[in-house]
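Here the structure comes first, spelled out in structure tokens, and everything after it is commentary.
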Amino acid sequence: MDQKDEEEILDAVMGGDYEAAASKPQFDVLRRVASDASKNKEFRSVPIPPHRLTPLKKEWLKIYTPLVEHLHLQVRMNIKRKTVEIRTCKETIDTGALQKGADFVRAFSLGFDIADAMALIRLDDLFMETFETKDVRTLHGDNLSRAIGRIVGKDGRTRHAIENASRTRIVVADCKIHILGGFANIRIARDAVCSLILGASPGKVYTKLRTIASRQKERF
């Protein structure tokens, strides 16, 4: 069977010209179709602790502006329910805008500064982690107070040292510790805080943090 016979058989099977079938297919150019966000609105409600309601009212304009202008979300403060309500609208373009906005408001409600919380909107590789001292070790009374004192340090020096070495932000709220930063950096800060809770002296933690900081400088 020669090549001509093969082409005739293929034409009969495929119902057309073999050479045309073997050529590259031609597809129409795909065009972006605007999603009907007005019909499929997403909604988030972020609870605000009572002690953060006054700072929320005071800094509301700074919180409201990035949510509306940068993320194109609709937002309102619900005083009765003590929440901040966020939803998408037809101007919302980014599919992850609602999650970023909720994380931003939640970070502020946990006690982070607005400038630090804004990083959650601008960067994609930032996370928040929360744990309690009892997750590491069960402490009560004076032992708990001393552990929190070791984490914070005199005038906040220990906390600032951990933040600078690990490139994170830390909020100590009673027995809860909130950490904001990258995944690897959160692990460094968490290990340092856990060592202090377990009773390690700040001097030993400083030495370990200096070693980690020097390694990071060599890496970059």
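Because the structure is predicted, anything quoted here is derived from the model rather than measured. For this chain, numbers begin at 1 and follow the sequence in order.
To the nearest 0.5 Å, atoms CZ (Phe108) and CG (Leu120) are separated by 13.5 Å. Ile63 CD1 to Lys58 NZ: the interatomic distance, rounded to the nearest 0.5 Å, is 12.5 Å. Distance check: Asn164 CG to Arg159 CZ gives 10.5 Å after rounding to the nearest 0.5 Å. With rounding to the nearest 0.5 angstrom, the CZ atom of Arg190 is 11.0 Å from the OG1 atom of Thr168. Expressed to the nearest 0.5 Å, how far NZ of Lys176 lies from CG of Asp135 amounts to 10.0 Å. Note that CD1 of Ile48 and CD1 of Ile79 are 9.5 Å apart. Values are rounded to the nearest 0.5 Å.
Side chain of Thr92 to main chain of Cys89: a donor-acceptor pair is present (N/O by atom type, distance under 3.5 Å, no hydrogens or angles).
Open room surrounds CZ on Arg106; 12 or fewer heavy atoms of other groups in view lie less than 6.0 Å from it. Heavy-atom contacts from other residues, nucleotides or ligands closer than 6.0 Å to CZ of Phe183 number 12 or fewer. Around atom CZ of Phe131, more than 12 heavy atoms belonging to other residues, nucleotides or ligands sit under 6.0 Å away. By the neighbour-count criterion of 12 heavy atoms within 6.0 Å, atom CZ of Arg52 is densely surrounded, having more than that number from other residues, nucleotides or ligands.
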Could you walk me through whether Val205 and Leu196 satisfy the side-chain contact (heavy atoms from CB on, under 4.5 Å) test, starting with their C-alpha distance in whole Å, then the side-chain angles of each, then the deciding distance to 0.1 Å, before giving a yes or no? CA-CA 8 Å; Val205 176; Leu196 293 169; 3.6 Å; yes
side-chain contact (heavy atoms from CB on, under 4.5 Å), that's the test. Do Met77 and Leu56 meet it? Break it down for me. CA-CA 9 Å; Met77 186 194 313; Leu56 178 70; 4.0 Å; yes
CA sep, side-chain torsions, deciding dist, call: Gln99, Arg44, side-chain contact (heavy atoms from CB on, under 4.5 Å): CA-CA 8 Å; Gln99 183 62 48; Arg44 292 285 177 87; 2.8 Å; yes
Test side-chain contact (heavy atoms from CB on, under 4.5 Å) on Val46 and Thr83; report intermediate values, then the result. CA-CA 5 Å; Val46 182; Thr83 59; over 6 Å; no
Could you go step by step and tell me if Lys100 and Asp124 meet the salt bridge (charged side-chain N to carboxylate O under 4.0 Å, His left out) rule? CA-CA 9 Å; Lys100 288 181 179 180; Asp124 294 329; 3.1 Å; yes
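Put simply, the side chain of Asp142 reaches to within 4.5 Å of the side chain of Arg146, judged on heavy atoms. A heavy-atom distance below 4.5 Å is not found between the side chains of Asn78 and Val84. Side-chain contact check for Met128 versus Phe112: some heavy-atom pair is nearer than 4.5 Å. In this structure, the side chains of Ser109 and Pro49 come closer than 4.5 Å at one or more pairs of heavy atoms. Residues Ile170 and Val172 have side chains in contact (heavy-atom distance under 4.5 Å, counting atoms from C-beta outward). Two residues are said to be in side-chain contact when any heavy atoms from C-beta on lie closer than 4.5 Å; Arg169 and His178 fail this criterion. Put simply, the side chain of Val171 does not reach to within 4.5 Å of the side chain of Ile177, judged on heavy atoms. By the 4.5 Å heavy-atom criterion applied to side chains, Ile86 and Gln74 are not counted as neighbours.
Leu98 pairs in a side chain to side chain contact (heavy atoms under 4.5 Å, CB included) with only one of the listed residues (Leu67, Asp103, Thr88), which is Thr88.
Of all heavy-atom pairs spanning Ala192 and Leu209, the tightest one is CB-CD2, 4.2 Å.
Neither Leu180 nor Phe127 shares a network with the other; the hydrophobic side chains, linked directly or stepwise wherever heavy atoms of I, L, V, M, F, W or Y lie under 4.5 Å apart, form separate groups for each.
Between Thr158 and Tyr206, the side chains place a donor N or O and an acceptor N or O closer than 3.5 Å (distance only, hydrogens not considered).
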